[in-house]
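Labels below follow one simple rule: chain letters A, B, ... track the order of the sequence lines, proteins then strands, and each chain is numbered from 1. Atoms considered below: every heavy atom in the structure, side chains included; atoms not considered: hydrogens, waters and symmetry mates.
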There are 2 protein chains.
Amino acid sequence: MAKKRASITDLAQQLNISISTVSRALSGHSAISEATVKRVTALAKELGYQPNSLASGLRKGRSNMLGVVVPHIDGNFFSQVVKGIEAAASKAGYHVLICQSNEDVVHERANVETLMNAQVEGILVSLSRTTREMRHFEKVRKRDIPLVFFDRILDGFDVNAVVLDDRAGGYRATKHLLEQGYRRIAHFTGPQHLNIYKLRRQGYEDALREYGLPVAEDLILLGDMKMDDGSAGMRQLLTLPQPPDAVFSGSDFSAAGALQVLTERGLRAPEDIGLVGFSNELFSRLTAPQLTSIDQHCELMGRSATSLLFQIMQEREQHYAPRHVVLQPDLFVRASSLRLGQPA
Amino acid sequence: MAKKRASITDLAQQLNISISTVSRALSGHSAISEATVKRVTALAKELGYQPNSLASGLRKGRSNMLGVVVPHIDGNFFSQVVKGIEAAASKAGYHVLICQSNEDVVHERANVETLMNAQVEGILVSLSRTTREMRHFEKVRKRDIPLVFFDRILDGFDVNAVVLDDRAGGYRATKHLLEQGYRRIAHFTGPQHLNIYKLRRQGYEDALREYGLPVAEDLILLGDMKMDDGSAGMRQLLTLPQPPDAVFSGSDFSAAGALQVLTERGLRAPEDIGLVGFSNELFSRLTAPQLTSIDQHCELMGRSATSLLFQIMQEREQHYAPRHVVLQPDLFVRASSLRLGQPA
DNA sequence: AAAATATGCGCAAACGTTTGCGCATATTTC
DNA sequence: GAAATATGCGCAAACGTTTGCGCATATTTT
């Protein structure tokens, strides 16, 4: 029943030396004789001594903690990013405090507040879907707490960020469909104030224009990117006088929803309608047919965001201009869009 | 360039009152005049004062942090459990520190160590696949740090835990197949030292026995529960002189792998072979045919584990006997196992 | 042999809180 | 009008570390 945790003071008393010596011995500090170091570490192990990181954090003005705010932690994308963040952080001896905004800017505000008084040394944020302004990050900047955004950012705010080249993703997805001979390509997109959907759409339009094709407003469906939105979208597209021959969906979920509607109606991908999703979700290999999709390198994004944060933490005083890291997406071609066979 | 964070001392100085008064004013403590409370909170807001939780934690001997160790944070199951944990914890004013063991007992050991000196007030653990003994949790118990396991536990250790009734899950899955008229049912299972796979298998065997059917060793395949294991398993089953007419897989992933092999071979579920998975992964609604599966109520498990932990934290001194919470799984019947049509 | 340097350690302050105790002043009680 | 009580606040210690400074003793240099 060893209730009280042993402290550095206990060690000092039992060894009849000062606490400063114990502290230095344990931290491998400069000039402590090997003999004392050994005595100290021996007793430390015996008593199962664990340094109190709150105390040391208080004294050193550091907490060894990073804060993360994500819209939600489940789902493929964010859980993988967080995996990357945790891996990178713990390698550097940092802990990770995780908060979910639940796609709600009110929560998000509370989250950054709560992270700040947890004394985190840096904050990683992916904006909630309902975030349309950045005032709640002012305080963070005032306090000089390093701040890095990832994936979702807001237009017109100059911030440190690691993002995917979503435009390139949209472009490559669409171009792939074009190369497969599809010519009337629809697009499912999401809230346009979010960089990710806006850029995917831009890439889509760029590719169309490159092929001299019109951008038809009735082929661009705005939704919430869930499965149901995909199903609804596909149903709507099928009612058009001139339905599309392919769909590039800004999310795998709506692509899957669309796919289900196709199957219900006895239509087939890629023969009747080509289909490309976005995110390369786990299930994209499991649908029938398997779903062509854009991979976002989620875990890498987490690691990159964390190293960027570390960089900024080190350069602390020098206020460099905000930095952007842009990750290139990859196209994973699968059956749902392969009408002509695998390209070379 | 507001470098230094305002502290309680700064407030006290600017208001010409003592820091104790400020502290009490801010914490709504007993006997401070309303007037002073107002003055204090006003200035606090003006200076953007944030309490330093390290200092307060140090003084109060509390950190307001919970530690979580999971095998990995990505994937449907754990990310949802963690979501539940985070939700419950933050509602109670707690932060969550997350560690990944990467299915490696060595990491796991390091994780609990690191959580302990982060001064977490309680720890939630789901064991790594390679964990076969529990010595590394002795220290936690010695320190009287409340400890709750979830989902994965080891046989023969009396610990606080929130688990799924995996036996019931296995039983219901198998019984469902039996009710659909399948009689030669194979089973994919995982490492047997893990309660979850062992129990699912037990449920499977119980159901067979209830129907007076033999438990055939060559129909029980031990693997790692990934997609590939499922594909390999199904291939192997198909080489049997008398192949099964159904498979109950201990994981949706191997079920999906099996399904792919069926499709390749031109076999169909549920007509040729019935298929039931486990975990009700997101993709189980997206395969063709959709996959019947057992839902584990992941998020609920996270919330339950957290409340159990809180209970134990409160009863601290009284050492009650370890408690178990057992969650009941749900069967989600989908096309992959529906040979006779939906039961009443 | 005295002076300079190196080595090993202790003292005490500091980090920002919380809290038991005590001390004034203001209010109530007889 | 004196004594008892209530109200509002301050003092100072404590939580467990880290660290600048200084002081001995041991070692090297002149």
* Asked: Between Thr21(A) and Ser18(A), does any side-chain donor sit less than 3.5 Å from a side-chain acceptor?
  -> yes
From CD1 of Ile32(A) across to C1' of dT18(D) the rounded distance in Å is 13 Å
Rounded to whole Å, CG of Leu15(B) lies from P of dG8(D) at a distance of 17 Å
Sidechain-backbone polar pair: Ser79(A) side chain, Gly75(A) backbone, donor-acceptor under 3.5 Å: yes
_Please tell me if Thr36(A) has a side-chain N or O lying less than 4.0 Å from either OP1 or OP2 of dC9(C)._
yes
**Asked** Looking at side-chain heavy atoms only, is the closest gap between Val140(B) and Met116(B) below 4.5 Å?
**Response** yes
(Q) For dC9(D) and Ser33(B) - does any side-chain N or O of the residue sit under 4.0 Å from the phosphate oxygens OP1/OP2? (A) yes
To the nearest angstrom, the CD1-P distance between Ile19(A) and dA12(C) comes to 11 Å
### Query
Thr21(A) side chain N/O closer than 4.0 Å to the phosphate oxygens (OP1, OP2) of dG10(C)?
yes
Passes side-chain contact (heavy atoms from CB on, under 4.5 Å), Val120(B) versus Tyr94(B)? Steps please. CA-CA 10 Å; Val120(B) 296; Tyr94(B) 276 81; over 6 Å; no
| task | Determine whether any donor atom in the side chain of Ser7(B) lies under 3.5 Å from an acceptor atom in the base of dC15(C), or the reverse, and answer yes or no. | result | no
From the candidates dT17(D), dT18(C), dG10(C), the one with an atom nearest any side-chain atom of Ile8(B) is dT18(C)
Sorted by number, residues from residues 39-66 of chain A placing a heavy atom under 4.0 Å from DNA chain D are Tyr49(A), Gln50(A), Pro51(A), Asn52(A), Ala55(A), Ser56(A), Arg59(A), Lys60(A)
Taking only N and O in the side chain of Ser23(B), is any of them less than 4.0 Å away from OP1 or OP2 of dT18(C)? yes
request  = Using distance alone, with no hydrogens and no angle criterion, decide if Ser128(A) and Glu103(A) have a side-chain donor and acceptor under 3.5 Å apart.
outcome  = no
- Task: Assess whether side-chain contact (heavy atoms from CB on, under 4.5 Å) is satisfied between Phe137(B) and Val159(B), documenting all intermediate values.
- Result: CA-CA 10 Å; Phe137(B) 296 109; Val159(B) 294; over 6 Å; no
Under-3.5 Å donor-acceptor pair between Arg24(A) side chain and dG10(C) base:
yes
Check: Are the side chains of Ser53(B) and Gln119(A) in touch, meaning some heavy atoms are under 4.5 Å apart?
Finding: yes
Atom CG of Leu26(B) and atom C1' of dG16(C) are separated, to the nearest Å, by 12 Å
Gln13(A) CD to dG10(C) C1', in whole Å, measures 15 Å
Residues passing the side-chain hydrogen bond (donor to acceptor under 3.5 Å, both in side chains) test with Thr9(B), sequence neighbours excluded, are Ser7(B)
Its dot-bracket string being built from Watson-Crick and G-U pairs below 3.5 Å, with | for another strand and [ ] for crossing, DNA chain D has the pattern ||||||||||||||||||||||||||||||
For His297(B), does the NE2 atom have more than 12 heavy-atom neighbours from other residues, nucleotides or ligands under 6.0 Å away? yes
